[in-house]
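A note on names: the letters A, B, ... follow the listed sequences, proteins ahead of strands, and every chain is numbered from 1. What you see below is based on every heavy atom in this structure, not just the backbone, and it leaves out hydrogens, waters and symmetry mates.
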2 protein chains.
Amino acid sequence: MGVFSKTCEYALRAVFFIAHRTAEGGKVGIKEVADGIASPEYFLAKILQDLSRKGIIQSAKGPHGGFFIDDKSRKNSLSEVVKAVDGNGLFTGCGLGLEYCSEVNPCPLHNQFKDIRNQIYLMLKNTSIEQFNEDLSLGITALKK
Amino acid sequence: MGVFSKTCEYALRAVFFIAHRTAEGGKVGIKEVADGIASPEYFLAKILQDLSRKGIIQSAKGPHGGFFIDDKSRKNSLSEVVKAVDGNGLFTGCGLGLEYCSEVNPCPLHNQFKDIRNQIYLMLKNTSIEQFNEDLSLGITALKK
DNA sequence: ATATATTAATACCTTTTTATCCTTTTTATA
DNA sequence: TATAAAAAGGATAAAAAGGTATTAATATAT
């Protein structure tokens, strides 16, 4: 098990792919995205529908339709994507799964875990969707396998 | 979804509870543990069996039997518990779920995520099972709900 | 107008995780 | 030695996550 759900992993990879692929305008079809990030096509379709409904990405139907990310959306931080898919339990929840864990009623790991949570949040908050476009163009980073 | 699986959350809470409860010797039964950490009894039983098989905790059958943690085991770090339950994917895996992600073939998030992973690992590595016994005795920290 | 390419919606299937129940084995002690 | 107490183990079920297939809706080129 990783930090993110499989759904969220696909979502992040897809968002990077679409942002990169449509940086100069245009749209990209679901098949191409699925292939580009090595994800199951139909499953990804559901994820992208959801992201589109939530305004994380955009889509257009019909011929020459496809998915894309507009100028405003591509400035979004990854925390928005993660929140849309996995909720913000990762940023706020107790490490030991205790419902009422808080500053006044902490679990043993509360303080240590608070730092971790915060670190994860800051990392995602300070990273934008578009910021890897160049690396992807240069082939410095990979999105499949 | 949290950082750990539900199974792992129960395991960590149980390990804290048992260590605290048997710090002065003696054993504690499954019912008491389940009640003490607000977990489903039979599900927890499976988890504890597994932890016992893997040497993270100890158990004794028969009258006056139960679970306990010996002196050596209570010095174990939490990373051992997590590794036993969730494997070490959390410490080594790619944030985007890419199989071949590495220093030479990184995903976009590789460097940022490496730090997070490491932070999680160090936190767990540097925290022992027994180190919360006192807080638990004083009622400073909680293990249920 | 119509055919076509495309996403949207929906329904369904499979696997994994979480949870429960029941039986068996072990063991202390009366 | 019988009994009771406790964990161990097996079988099953429910829920959630992950994945597939099909149909509907729709924009656009012709």
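Residue A/Ser59 has no polar side-chain atom (N or O) positioned under 4.0 Å from OP1 or OP2 of C/dT6. Distances shorter than 4.0 Å separate none of the side-chain N or O atoms of A/His64 from OP1 or OP2 on C/dA5.
Judged by distance alone, the side chain of A/Arg13 and the main-chain N or O of A/Lys144 form no donor-acceptor pair under 3.5 Å. With hydrogens and angles disregarded, no donor-acceptor distance shorter than 3.5 Å links the side chain of A/Asp86 to the backbone of A/Val82. Of the possible donor and acceptor atoms, one in the side chain of A/Gln131 sits under 3.5 Å from a partner among the backbone N and O of A/Ser128. Judged by distance alone, with hydrogens and angles left aside, the side-chain atoms of A/Asp70 form a donor-acceptor pair with the main-chain N or O of A/Ser73 at under 3.5 Å.
A distance of 8.5 Å separates CG in A/Leu98 from CG in A/Asn105, rounded to the nearest 0.5 Å. To the nearest 0.5 angstrom, B/His110 atom NE2 is 11.5 Å from A/Thr141 atom OG1.
As rounded to whole Å, 12 Å separates atom C1' of C/dT25 from atom CD of B/Gln49. In this structure, B/Gln58 atom CD and D/dA8 atom C1' are separated by 16 Å, rounded to whole Å. Summarising the geometry, the separation between CG on A/Leu48 and P on C/dT6 is reported as 15 Å, rounded to the nearest angstrom. Between B/Arg13 atom CZ and C/dT18 atom C1' there is a gap of 14 Å when expressed in whole angstrom units. C/dT7 atom C1' lies 15 Å from atom CD1 of A/Ile47, rounded to whole Å.
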Go along nucleotides 10-20 of chain D 5' to 3' and tag each nucleotide: B for a protein heavy atom under 4.0 Å from its base, S when only backbone or sugar atoms are that close, - otherwise.
BB------SBB
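With salt bridges taken as basic N to acidic carboxylate O contacts below 4.0 Å, none links A/Lys31 and A/Asp35. For A/Glu103 and A/Lys114, the salt-bridge test passes: some basic side-chain N is under 4.0 Å from an acidic carboxylate O.
Below 30°, between 30° and 60°, or above 60°: for B/Phe113 and A/Phe4 the angle between ring planes is between 30° and 60°, a tilted geometry.
Residues of residues 21-31 of chain B that place a heavy atom closer than 4.0 Å to DNA chain C do not occur.
Residue contacts shown for A/Gly62 include a base, since a base heavy atom lies under 4.0 Å away. Backbone-only contact: B/Ala60 has heavy atoms under 4.0 Å from sugar-phosphate atoms and none from a base.
Mapping A/Ser52 and B/Lys61 onto DNA chain C by nearest heavy atom places A/Ser52 closer to the 5' end of the strand.
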